[in-house]
Amino acid sequence: MTLSGPIAEEWAAAVAAVRSLGTDDEIQLICHVNPDGDALGSMLGFGLGLARLGFTRVRATFPGEFAVPGPYSALPGSALLVPEAEAWTDPRLVAVFDVASESRLGGLAGRLTAAPVSVVLDHHASNTGFGTVRLVDSAAAATSVVAEQLLARLGVELDAEIAECLYVALATDTGSFKFDMTTVAVHELAARLIATGIRPGEISRRIFDSRPFGAMKLTGEVIGRAVLEPGAAGGRGMVWTYATLADLERHAQQPYVLDTLIDPVRAVAEADVSVVVREVAAGEWSVSLRSKGAVDVSGVAVSQGGGGHRLAAGFTGYGEAAQVVDTVRRLLDEYLN
Ligand code: AMP
Ligand code: MN
Ligand code: MN
(Lines give C-alpha, C1' and ligand atoms only; values in the text may rest on other atoms or scores of the structure.)
(Ligands and ions follow the chains in the order given, each with its own letter.)
Protein backbone atom coordinates (compact mmCIF):
# COMPACT_ATOMS: atom_id res chain seq x y z
CA MET A 1 0.00 0.00 0.00
CA THR A 2 1.42 3.35 -1.03
CA LEU A 3 0.15 6.45 0.71
CA SER A 4 1.92 9.11 -1.31
CA GLY A 5 3.79 9.53 -4.57
CA PRO A 6 7.12 8.05 -5.61
CA ILE A 7 10.20 9.22 -3.73
CA ALA A 8 13.15 10.92 -5.46
CA GLU A 9 15.15 7.66 -5.58
CA GLU A 10 12.34 5.91 -7.43
CA TRP A 11 12.05 8.65 -10.05
CA ALA A 12 15.83 8.62 -10.43
CA ALA A 13 15.86 4.84 -10.83
CA ALA A 14 13.18 4.99 -13.53
CA VAL A 15 15.02 7.73 -15.43
CA ALA A 16 18.34 5.86 -15.11
CA ALA A 17 16.70 2.65 -16.37
CA VAL A 18 15.54 4.38 -19.57
CA ARG A 19 18.78 6.34 -20.04
CA SER A 20 20.87 3.17 -19.73
CA LEU A 21 19.21 1.70 -22.83
CA GLY A 22 20.44 1.85 -26.40
CA THR A 23 17.91 3.15 -28.92
CA ASP A 24 17.61 -0.31 -30.53
CA ASP A 25 17.05 -2.15 -27.23
CA GLU A 26 13.70 -3.88 -26.95
CA ILE A 27 11.19 -2.19 -24.65
CA GLN A 28 7.88 -3.81 -23.74
CA LEU A 29 4.98 -1.77 -22.43
CA ILE A 30 2.06 -3.62 -20.84
CA CYS A 31 -1.29 -2.42 -19.48
CA HIS A 32 -4.07 -4.27 -17.68
CA VAL A 33 -6.45 -6.87 -19.08
CA ASN A 34 -9.65 -5.41 -20.60
CA PRO A 35 -7.86 -2.09 -21.04
CA ASP A 36 -9.67 1.17 -20.35
CA GLY A 37 -8.86 4.75 -21.35
CA ASP A 38 -6.22 5.22 -18.66
CA ALA A 39 -4.50 1.89 -19.31
CA LEU A 40 -4.24 2.47 -23.07
CA GLY A 41 -3.80 6.24 -22.94
CA SER A 42 -0.98 6.26 -20.39
CA MET A 43 0.78 3.35 -22.10
CA LEU A 44 0.56 4.75 -25.65
CA GLY A 45 1.35 8.30 -24.54
CA PHE A 46 4.47 7.04 -22.80
CA GLY A 47 5.33 4.81 -25.78
CA LEU A 48 5.16 7.81 -28.12
CA GLY A 49 7.41 9.68 -25.71
CA LEU A 50 9.98 6.88 -25.92
CA ALA A 51 9.74 7.04 -29.72
CA ARG A 52 10.45 10.80 -29.54
CA LEU A 53 13.62 9.94 -27.57
CA GLY A 54 14.71 7.77 -30.49
CA PHE A 55 13.81 4.31 -29.23
CA THR A 56 12.92 2.18 -32.24
CA ARG A 57 11.80 -1.10 -30.67
CA VAL A 58 8.93 -0.14 -28.41
CA ARG A 59 5.99 -2.52 -28.33
CA ALA A 60 2.79 -2.11 -26.32
CA THR A 61 0.36 -4.87 -25.42
CA PHE A 62 -2.19 -6.19 -22.93
CA PRO A 63 -3.21 -9.71 -21.94
CA GLY A 64 -6.10 -11.59 -23.51
CA GLU A 65 -7.91 -11.19 -26.78
CA PHE A 66 -6.37 -8.46 -28.99
CA ALA A 67 -9.47 -6.28 -29.09
CA VAL A 68 -9.13 -2.57 -28.46
CA PRO A 69 -12.45 -1.07 -27.31
CA GLY A 70 -13.98 1.03 -30.11
CA PRO A 71 -13.59 4.41 -28.39
CA TYR A 72 -9.81 3.90 -28.07
CA SER A 73 -9.09 2.23 -31.39
CA ALA A 74 -7.93 5.46 -33.03
CA LEU A 75 -5.61 6.67 -30.27
CA PRO A 76 -2.28 8.07 -31.49
CA GLY A 77 0.44 5.52 -30.88
CA SER A 78 -1.83 2.60 -31.77
CA ALA A 79 0.84 1.47 -34.23
CA LEU A 80 2.88 0.40 -31.20
CA LEU A 81 0.17 -2.10 -30.18
CA VAL A 82 0.78 -5.80 -30.77
CA PRO A 83 -1.14 -8.89 -29.67
CA GLU A 84 0.07 -10.58 -26.49
CA ALA A 85 1.74 -13.33 -28.56
CA GLU A 86 3.94 -10.75 -30.32
CA ALA A 87 5.24 -9.10 -27.14
CA TRP A 88 9.05 -9.10 -26.88
CA THR A 89 10.05 -12.32 -25.15
CA ASP A 90 13.31 -10.98 -23.73
CA PRO A 91 12.95 -7.19 -23.41
CA ARG A 92 15.64 -5.00 -21.79
CA LEU A 93 12.96 -2.98 -20.06
CA VAL A 94 9.34 -3.62 -19.16
CA ALA A 95 7.01 -0.80 -18.13
CA VAL A 96 3.57 -1.56 -16.73
CA PHE A 97 0.61 0.84 -16.74
CA ASP A 98 -2.48 1.10 -14.51
CA VAL A 99 -1.97 -2.41 -13.10
CA ALA A 100 -2.74 -2.84 -9.39
CA SER A 101 -1.64 -6.47 -9.11
CA GLU A 102 0.18 -9.03 -11.24
CA SER A 103 -3.06 -10.97 -11.68
CA ARG A 104 -4.20 -8.15 -14.01
CA LEU A 105 -1.30 -9.03 -16.34
CA GLY A 106 -2.61 -12.50 -17.16
CA GLY A 107 -0.10 -14.52 -19.15
CA LEU A 108 2.25 -11.52 -19.43
CA ALA A 109 3.13 -11.46 -15.72
CA GLY A 110 6.23 -13.58 -16.43
CA ARG A 111 7.72 -10.81 -18.62
CA LEU A 112 8.31 -8.75 -15.49
CA THR A 113 10.56 -11.23 -13.80
CA ALA A 114 12.31 -12.01 -17.10
CA ALA A 115 13.35 -8.38 -17.69
CA PRO A 116 16.31 -6.89 -15.82
CA VAL A 117 14.20 -3.83 -14.94
CA SER A 118 10.43 -3.51 -14.62
CA VAL A 119 8.99 -0.05 -14.01
CA VAL A 120 5.46 0.04 -12.60
CA LEU A 121 3.46 3.22 -13.22
CA ASP A 122 0.20 3.15 -11.28
CA HIS A 123 -2.22 5.02 -9.03
CA HIS A 124 -4.18 2.26 -7.26
CA ALA A 125 -4.18 2.41 -3.46
CA SER A 126 -4.40 -1.38 -3.58
CA ASN A 127 -1.17 -1.72 -5.64
CA THR A 128 0.62 -4.80 -4.31
CA GLY A 129 4.16 -3.47 -4.80
CA PHE A 130 5.48 -5.65 -7.61
CA GLY A 131 8.18 -4.65 -10.12
CA THR A 132 11.73 -3.43 -9.54
CA VAL A 133 10.99 0.31 -9.84
CA ARG A 134 7.65 1.42 -8.45
CA LEU A 135 6.16 4.73 -9.49
CA VAL A 136 2.89 4.39 -7.63
CA ASP A 137 0.96 7.49 -6.58
CA SER A 138 -2.36 6.70 -4.93
CA ALA A 139 -3.17 10.43 -4.90
CA ALA A 140 -2.90 10.65 -8.70
CA ALA A 141 -6.19 10.87 -10.60
CA ALA A 142 -4.89 8.60 -13.36
CA THR A 143 -1.80 6.63 -14.29
CA SER A 144 -1.30 9.19 -17.06
CA VAL A 145 -0.42 11.76 -14.37
CA VAL A 146 2.50 9.54 -13.35
CA ALA A 147 3.40 8.85 -16.99
CA GLU A 148 3.51 12.58 -17.78
CA GLN A 149 5.81 13.23 -14.82
CA LEU A 150 8.20 10.52 -15.96
CA LEU A 151 8.16 11.86 -19.53
CA ALA A 152 9.00 15.33 -18.20
CA ARG A 153 11.89 13.93 -16.17
CA LEU A 154 13.13 12.20 -19.33
CA GLY A 155 13.08 15.53 -21.16
CA VAL A 156 10.25 14.62 -23.53
CA GLU A 157 8.26 17.61 -24.70
CA LEU A 158 4.50 17.17 -24.93
CA ASP A 159 3.13 17.20 -28.47
CA ALA A 160 -0.45 16.81 -29.68
CA GLU A 161 -0.21 13.04 -30.14
CA ILE A 162 1.23 12.34 -26.71
CA ALA A 163 -1.20 14.86 -25.23
CA GLU A 164 -4.25 13.21 -26.80
CA CYS A 165 -3.32 9.87 -25.24
CA LEU A 166 -2.71 11.39 -21.81
CA TYR A 167 -5.87 13.51 -22.05
CA VAL A 168 -8.06 10.50 -22.87
CA ALA A 169 -6.57 8.71 -19.86
CA LEU A 170 -7.19 11.71 -17.59
CA ALA A 171 -10.71 12.39 -18.85
CA THR A 172 -11.84 8.77 -18.51
CA ASP A 173 -10.38 8.14 -15.04
CA THR A 174 -11.76 11.40 -13.60
CA GLY A 175 -15.24 10.85 -15.09
CA SER A 176 -14.64 13.91 -17.30
CA PHE A 177 -13.05 15.92 -14.49
CA LYS A 178 -15.82 15.21 -11.96
CA PHE A 179 -14.42 12.77 -9.40
CA ASP A 180 -12.83 13.54 -6.02
CA MET A 181 -9.27 13.33 -7.31
CA THR A 182 -9.89 16.18 -9.78
CA THR A 183 -7.40 18.54 -8.19
CA VAL A 184 -5.80 21.81 -9.22
CA ALA A 185 -2.88 19.73 -10.53
CA VAL A 186 -5.28 17.70 -12.70
CA HIS A 187 -6.68 20.83 -14.32
CA GLU A 188 -3.18 22.25 -14.72
CA LEU A 189 -2.11 19.08 -16.49
CA ALA A 190 -5.25 19.20 -18.65
CA ALA A 191 -4.40 22.82 -19.53
CA ARG A 192 -0.87 21.87 -20.59
CA LEU A 193 -2.26 19.01 -22.70
CA ILE A 194 -4.86 21.23 -24.38
CA ALA A 195 -2.16 23.85 -25.05
CA THR A 196 -0.59 21.40 -27.53
CA GLY A 197 -3.59 21.97 -29.80
CA ILE A 198 -5.76 18.93 -29.04
CA ARG A 199 -9.52 19.45 -29.17
CA PRO A 200 -11.31 18.26 -26.00
CA GLY A 201 -14.78 18.50 -27.58
CA GLU A 202 -13.82 16.31 -30.51
CA ILE A 203 -12.02 13.81 -28.30
CA SER A 204 -14.95 13.61 -25.87
CA ARG A 205 -17.44 13.04 -28.68
CA ARG A 206 -15.26 10.22 -29.96
CA ILE A 207 -14.69 8.45 -26.64
CA PHE A 208 -17.92 9.16 -24.72
CA ASP A 209 -20.60 10.06 -27.26
CA SER A 210 -20.16 7.61 -30.14
CA ARG A 211 -22.06 4.52 -29.09
CA PRO A 212 -23.82 1.95 -31.28
CA PHE A 213 -27.63 2.06 -31.18
CA GLY A 214 -27.63 -1.55 -29.95
CA ALA A 215 -25.50 -0.53 -26.97
CA MET A 216 -28.18 1.95 -25.95
CA LYS A 217 -30.91 -0.69 -26.25
CA LEU A 218 -28.83 -3.18 -24.27
CA THR A 219 -28.09 -0.59 -21.59
CA GLY A 220 -31.79 0.26 -21.39
CA GLU A 221 -32.69 -3.37 -20.81
CA VAL A 222 -30.00 -3.89 -18.19
CA ILE A 223 -30.88 -0.67 -16.34
CA GLY A 224 -34.52 -1.70 -16.47
CA ARG A 225 -33.77 -4.70 -14.26
CA ALA A 226 -31.78 -2.76 -11.62
CA VAL A 227 -32.71 -3.41 -7.98
CA LEU A 228 -32.61 -0.83 -5.18
CA GLU A 229 -32.04 -2.14 -1.66
CA PRO A 230 -32.37 0.80 0.74
CA GLY A 231 -31.49 -1.31 3.80
CA ALA A 232 -28.27 -2.75 2.38
CA ALA A 233 -24.76 -1.37 3.09
CA GLY A 234 -25.68 -0.67 6.71
CA GLY A 235 -28.73 1.35 5.67
CA ARG A 236 -26.79 3.53 3.24
CA GLY A 237 -28.45 1.77 0.33
CA MET A 238 -27.23 -0.36 -2.54
CA VAL A 239 -28.35 -0.44 -6.17
CA TRP A 240 -27.30 -3.24 -8.47
CA THR A 241 -27.84 -4.82 -11.84
CA TYR A 242 -26.23 -7.45 -14.02
CA ALA A 243 -25.60 -8.24 -17.69
CA THR A 244 -25.02 -11.68 -19.17
CA LEU A 245 -23.17 -12.86 -22.25
CA ALA A 246 -26.59 -13.73 -23.67
CA ASP A 247 -27.62 -10.07 -23.28
CA LEU A 248 -24.58 -8.99 -25.27
CA GLU A 249 -25.29 -11.58 -27.93
CA ARG A 250 -28.98 -10.66 -28.22
CA HIS A 251 -28.03 -7.06 -28.95
CA ALA A 252 -24.95 -8.04 -31.00
CA GLN A 253 -22.66 -5.91 -28.83
CA GLN A 254 -19.01 -6.13 -27.75
CA PRO A 255 -18.30 -6.45 -24.01
CA TYR A 256 -16.63 -3.01 -23.81
CA VAL A 257 -19.97 -1.24 -24.38
CA LEU A 258 -20.84 -2.20 -20.80
CA ASP A 259 -17.67 -0.66 -19.32
CA THR A 260 -19.59 2.56 -18.62
CA LEU A 261 -22.80 0.88 -17.43
CA ILE A 262 -21.84 1.63 -13.83
CA ASP A 263 -22.15 5.39 -14.50
CA PRO A 264 -25.95 5.69 -14.73
CA VAL A 265 -26.32 3.10 -11.96
CA ARG A 266 -24.05 4.92 -9.51
CA ALA A 267 -26.04 8.12 -10.05
CA VAL A 268 -29.00 6.72 -8.08
CA ALA A 269 -29.50 9.10 -5.14
CA GLU A 270 -31.02 6.53 -2.78
CA ALA A 271 -27.92 4.32 -2.70
CA ASP A 272 -24.39 4.98 -1.53
CA VAL A 273 -23.10 1.76 -3.03
CA SER A 274 -23.65 0.67 -6.63
CA VAL A 275 -22.79 -2.69 -8.11
CA VAL A 276 -22.68 -3.87 -11.72
CA VAL A 277 -22.00 -7.53 -12.39
CA ARG A 278 -20.99 -8.36 -15.97
CA GLU A 279 -20.57 -11.89 -17.24
CA VAL A 280 -17.17 -12.25 -18.95
CA ALA A 281 -17.14 -16.06 -19.36
CA ALA A 282 -19.65 -18.76 -18.38
CA GLY A 283 -20.14 -18.33 -14.63
CA GLU A 284 -17.38 -15.70 -14.37
CA TRP A 285 -18.31 -12.10 -13.61
CA SER A 286 -16.50 -8.78 -13.65
CA VAL A 287 -17.83 -6.89 -10.62
CA SER A 288 -17.77 -3.09 -10.51
CA LEU A 289 -18.24 -1.38 -7.15
CA ARG A 290 -18.74 2.33 -6.51
CA SER A 291 -19.43 4.39 -3.41
CA LYS A 292 -20.51 8.01 -3.08
CA GLY A 293 -18.22 8.36 -0.07
CA ALA A 294 -19.67 6.49 2.91
CA VAL A 295 -18.16 3.09 2.14
CA ASP A 296 -14.60 1.98 1.25
CA VAL A 297 -15.49 -0.47 -1.53
CA SER A 298 -11.84 -1.34 -2.22
CA GLY A 299 -11.92 -3.35 1.03
CA VAL A 300 -14.66 -5.55 -0.38
CA ALA A 301 -12.83 -5.91 -3.70
CA VAL A 302 -9.46 -6.75 -2.14
CA SER A 303 -11.08 -9.38 0.12
CA GLN A 304 -12.25 -11.10 -3.08
CA GLY A 305 -8.87 -10.96 -4.78
CA GLY A 306 -9.59 -7.72 -6.68
CA GLY A 307 -8.52 -4.14 -6.11
CA GLY A 308 -9.10 -0.51 -6.91
CA HIS A 309 -9.63 2.76 -5.10
CA ARG A 310 -11.68 3.69 -2.02
CA LEU A 311 -14.70 4.79 -4.06
CA ALA A 312 -14.21 2.69 -7.23
CA ALA A 313 -13.08 -0.91 -7.15
CA GLY A 314 -13.69 -4.29 -8.70
CA PHE A 315 -13.08 -8.01 -8.55
CA THR A 316 -13.85 -11.22 -10.41
CA GLY A 317 -16.80 -13.23 -9.02
CA TYR A 318 -17.97 -16.75 -9.80
CA GLY A 319 -21.30 -18.61 -9.93
CA GLU A 320 -24.65 -16.95 -10.59
CA ALA A 321 -25.03 -13.17 -10.74
CA ALA A 322 -27.33 -13.25 -7.70
CA GLN A 323 -24.73 -15.21 -5.72
CA VAL A 324 -22.06 -12.63 -6.54
CA VAL A 325 -24.38 -9.83 -5.40
CA ASP A 326 -25.19 -11.83 -2.23
CA THR A 327 -21.46 -11.95 -1.46
CA VAL A 328 -21.12 -8.18 -1.93
CA ARG A 329 -24.19 -7.51 0.27
CA ARG A 330 -22.84 -9.77 3.04
CA LEU A 331 -19.32 -8.28 2.90
CA LEU A 332 -20.70 -4.74 3.03
CA ASP A 333 -22.72 -5.65 6.12
CA GLU A 334 -19.63 -7.21 7.71
CA TYR A 335 -17.57 -4.09 7.02
CA LEU A 336 -20.24 -1.71 8.23
CA ASN A 337 -21.57 -3.46 11.33
P1 AMP B 1 -14.18 -0.93 -13.12
O2 AMP B 1 -15.34 -1.12 -12.22
O3 AMP B 1 -13.90 -2.11 -13.98
O4 AMP B 1 -14.24 0.37 -13.85
O5 AMP B 1 -12.91 -0.83 -12.17
C6 AMP B 1 -12.88 0.07 -11.09
C7 AMP B 1 -11.54 0.00 -10.39
O8 AMP B 1 -11.37 -1.28 -9.80
C9 AMP B 1 -10.38 0.18 -11.33
O10 AMP B 1 -9.45 1.00 -10.68
C11 AMP B 1 -9.83 -1.20 -11.54
O12 AMP B 1 -8.45 -1.18 -11.67
C13 AMP B 1 -10.22 -1.94 -10.30
N14 AMP B 1 -10.58 -3.32 -10.63
C15 AMP B 1 -11.65 -3.73 -11.34
N16 AMP B 1 -11.68 -5.07 -11.47
C17 AMP B 1 -10.58 -5.54 -10.85
C18 AMP B 1 -10.02 -6.84 -10.64
N19 AMP B 1 -10.61 -7.95 -11.10
N20 AMP B 1 -8.87 -6.92 -9.94
C21 AMP B 1 -8.26 -5.81 -9.48
N22 AMP B 1 -8.73 -4.58 -9.63
C23 AMP B 1 -9.88 -4.41 -10.30
MN1 MN C 1 -7.75 1.07 -15.49
MN1 MN D 1 -6.38 4.25 -13.83
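In each ligand, atom 1 is the first atom listed, and ligand 1 is the first ligand listed. Owing to the predicted nature of the structure, the values given are computational and were not obtained by experimental measurement.
- Close contacts between ligand 1 and Phe315 involve ligand atoms 16 (N), 17 (C), 18 (C), 19 (N) [criterion: under 4.0 Å to a heavy atom].
- The N, O or S atom of His32 with the smallest distance to the Mn ion (ligand 2) is NE2.
- Considering only non-hydrogen protein atoms, atom 2 (O) of ligand 1 sits nearest to Ser288 OG, 2.6 Å.
- Side chain to side chain, Glu320 and Trp285 fail the donor-acceptor criterion of an N or O pair below 3.5 Å.
- Closest approach of Ala232 and Met238 over heavy atoms only: CB-CB, 3.7 Å.
- Heavy-atom separations between Ala313 and ligand 1 include at least one value shorter than 4.0 Å.
- Note that Arg278 lies outside the cation-pi zone of Tyr242, set by a 6.0 Å cut-off to the ring centre and a 45° limit from the axis.
- Close approach of ligand 1 to Ala312 (heavy-atom distance below 4.0 Å) involves ligand atoms 7 (C), 8 (O).
- Remark: Glu334 CD is packed, more than 12 non-hydrogen atoms of other residues, nucleotides or ligands lying under 6.0 Å away.
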Given side chain to side chain contact (heavy atoms under 4.5 Å, CB included), test Leu289 with Phe315 step by step and report yes or no.
-> CA-CA 9 Å; Leu289 304 171; Phe315 67 92; 4.1 Å; yes
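- Near the Mn ion (ligand 3), less than 2.8 Å away, sit the protein N, O or S atoms Asp38 OD2, Asp98 OD1, His123 NE2, Asp173 OD2.
- Close approach of ligand 1 to Gly308 is summarised as follows: ligand atoms under 4.0 Å from at least one heavy atom of the residue are 8 (O), 13 (C).
- A side-chain N or O of Thr244 and one of Asp247 form a donor-acceptor pair less than 3.5 Å apart.
- Close to ligand 1: Thr316, with a non-hydrogen atom less than 4.0 angstrom away.
- Every residue two or more places apart in sequence or in another chain that forms a side chain to side chain contact (heavy atoms under 4.5 Å, CB included) with Glu161 is listed here: Leu48, Arg52, Pro76, Asp159.
- In this structure, the protein non-hydrogen atom closest to atom 23 (C) of ligand 1 is Gly314 O, 3.4 Å.
- The CG atom of Leu121 sits 12.0 Å away from the CE atom of Met43 when rounded to the nearest 0.5 Å.
- Remark: the backbone N or O of Val268 is paired with a side-chain donor or acceptor of Lys292 at under 3.5 angstrom.
- Looking at atom 6 (C) of ligand 1, its nearest protein heavy atom turns out to be Arg290 NH1, 3.5 Å.
- Protein heavy atom at the shortest distance from atom 9 (C) of ligand 1 is His124 NE2, 3.9 Å.
- Nearest-residue assignment for atom 11 (C) of ligand 1 (options Arg104, His32, His309; heavy-atom criterion): Arg104.
- Atom 13 (C) of ligand 1 has Gly307 O, 3.4 Å as its closest protein atom, hydrogens excluded (heavy atom only).
- The closest side-chain donor-acceptor pair between Ser291 and Asp272 falls under 3.5 angstrom.
- The aromatic ring centres of Tyr167 and Phe177 sit less than 6.0 Å apart.
- Using modelled atom types, one finds no donor on one side chain facing an acceptor on the other under 3.5 Å when comparing His123 with Asp137.
- Between Ser101 and ligand 1 there is no heavy-atom distance shorter than 4.0 Å.
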